Structures are given as C-alpha cells and as structure tokens.
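In what follows, chains are A, B, ... by sequence order, proteins preceding strands, each numbered from 1. As the structure is a prediction and not an experimental result, all values here were calculated from the model.
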Amino acid sequence: MEQNRLGAVFAELGSLVAEGVIGGYAIVGAVGAIFYTEAIRTFDLDVAVSLPQTSARAILSLAPIYEHLRARGFLPEAEHVRIHGVPVQFLAGDPPLWRDALATARTFDYEGVEVRVASPEHLILMALEAPSPRRRERAALLFESGTVDNAWLRALASRFGIRLPETWNV
Amino acid sequence: MSDRPTEDRGRAFEAKRRWHEQQARLPLREKVRILLELQRQDYPILAARGALEPWQRPWDVEP
C-alpha cells in the first residue's frame, strides 16, 4: 500500500477550494508556524476556512466540508477529520483577525503542491489572542524567526486590539 | 577584571540563537521530518502521563 504523504493532505485542501466546498483556507497553528520557524511538535493541523458566500446563512456550518471529505473516505475523529493519516481541524468563523489572515495568506510550494499559510504576523496575533504557554512560546519563535515585518505586526496588533509583549520592543 | 561568566553566557546565548536560525532555515520537508520525529519521541511520554486525547498520536504519514 502506498504510504500517505503530507503533500496529499495539502492537495485535499486545494480540492476543497477548487470544488467550491470552501471559499478559501489558510494553514494556522503550529503547522502554519513551521513554514517560518524551526520544527514544533504538534499532533494536529489547524486550517482556517472561509465558507462560500452562497446564501445569507445565519450559522456557519462545517457540515458540507465533513460530508465532502466523508465521500472521499476521510472520516471525522472527535473535532477533526483524519485526512491521509493527519487529523485536520477546520476552523470557520468570522472574527476580523481571521478574515484578514485568510485574505493575506501566503502561497508556498510543498513538494510540488500549492499550500496557503497565514502570515507570520497573523500567526503571532492568533497565538497571543488566546495565550497558553505553548502558544506564547510559538509566538516568540515566530517573532524571532527573522520573517516578521515589525511595522506591519505593530499595525495589525493595533487594528485588532491585541497587546504585544513589552519585551519585544516592536 | 573581565566578567568571564557573563561573556560565556553571552556566547552561549548567541550560539543558541544561531542554532535556532539555522533550524528555521531548513527546507520545509526536513522540518516536517523533524516534526514527525518529535511526535514519535514525545508520544510515549505524554501518553504515559495520560495527557493526550485519543486522536493525538503520531501521524501515519511521510514528509
């Protein structure tokens, strides 16, 4: 049997967009961070998604994503869907920071597969928005990664009302 | 008199910073390989502590 590859997981995300199941996506969380930092241990892959603007739905539902993936043979497991061996958590919502992260996500090439990843500045602010020791550590790693535009980070933090650590001297 | 411990500490921090920078500059595929290795290393320790949900286990995937 052919071994699962991470690129195949990213390809499934692209298919969700191509087939109109989602409007767009951005990898966030620890996996998003490692596109900019050293490797960080995590057990899941967080994906921020926007849903298609097909109706004035009052409630954002992930059901179409789950149904589409189930038909492809990928089954839900707790709040995740296991895609090619990787538990993927889809996060839909409409907070302005997340909308902006999706709109400004960067495109990377991973082994020939296009993958959209939130900017390091957005990943920092997402980690600081709901801080835990691990998230604070991740934010610090991103900040020290040499990939952050300090002026943009400062502007985003101000726009979204998120306080940056004073020791950063941004 | 030179402040030898402070100088040594400074050199150690600088070496550590450089190491983190080098790790961050590794190819993505190599970083994913390390992530998978970290999962395999940490899993038995975290599982023994009862600190994991059932879905939290090393990925059945190659980089």
One option among B:L26, B:I34, B:L52, B:D42 has the most heavy-atom pairs under 4.5 Å with chain A, and it is B:D42
Turns out that what part of A:H84 lies under 4.5 Å from chain B's heavy atoms comes down to backbone
Closest heavy-atom pair, B:W59 versus A:L45, reported as atoms and distance to 0.1 Å, is CZ2-N, 4.3 Å
task = Fit a plane to each ring of A:F43 and B:Y43, take the angle between them on a 0 to 90° scale, and name the class: parallel (under 30°), tilted (30 to 60°) or perpendicular (over 60°).
result = perpendicular
Between A:L75 and A:V81, is there shared hydrophobic-cluster membership here, with clusters defined by ILVMFWY side-chain heavy atoms closer than 4.5 Å?
no
Original post:
Would you say B:L38 and B:L28 are hydrophobically clustered, going by side-chain heavy atoms of ILVMFWY under 4.5 Å?
Top reply: no
Answer key: most heavy-atom pairs under 4.5 Å with chain A among B:E21, B:Q22, B:E53, B:R29 is B:R29
Bottom line for B:R57: the part with an atom under 4.5 Å from chain A's heavy atoms is both
Determine, step by step, whether A:E111 and B:V32 satisfy the side chain to side chain contact (heavy atoms under 4.5 Å, CB included) criterion, reporting the C-alpha distance in whole Å, the side-chain angles of both residues, the deciding distance to 0.1 Å, and the verdict. CA-CA 12 Å; A:E111 300 297 303; B:V32 170; over 6 Å; no
d(B:Q23 CD, A:T37 OG1) to nearest 0.5 Å is 10.5 Å
key: Within one Ile-Leu-Val-Met-Phe-Trp-Tyr cluster: A:L102 and A:F35, side-chain cutoff 4.5 Å   = no
Heavy-atom closest pair (A:L6 atom, B:P63 atom, distance to 0.1 Å) is CB-O, 3.9 Å
Exercise. Please say whether more than 12 non-hydrogen atoms of neighbouring residues, nucleotides or ligands are located less than 6.0 Å from CZ in B:R40.
Key: yes
| said: Do the side chains of A:E38 and B:K31 get close enough for a salt bridge, i.e. N-O under 4.0 angstrom? | reply: no
* Would you indicate whether A:E166, at its atom CD, is surrounded by more than 12 heavy atoms from other residues, nucleotides or ligands within a distance under 6.0 Å? => no
(message) I'd like to know if A:V170 and A:M126 are part of one continuous hydrophobic network [Ile/Leu/Val/Met/Phe/Trp/Tyr, side-chain heavy atoms within less than 4.5 Å].
(response) yes
The interface call for B:L36 against chain A, heavy-atom contacts under 4.5 Å, is neither
Output for pair (A:I40 CD1, B:L35 CG), nearest 0.5 Å, gives 9.0 Å
Heaviest contributor of heavy-atom pairs below 4.5 Å to chain B, chosen from A:V9, A:T42, A:T147, is A:T42
So CH2 of B:W55 and CD of A:E77: to nearest 0.5 Å the spacing works out to 9.0 Å
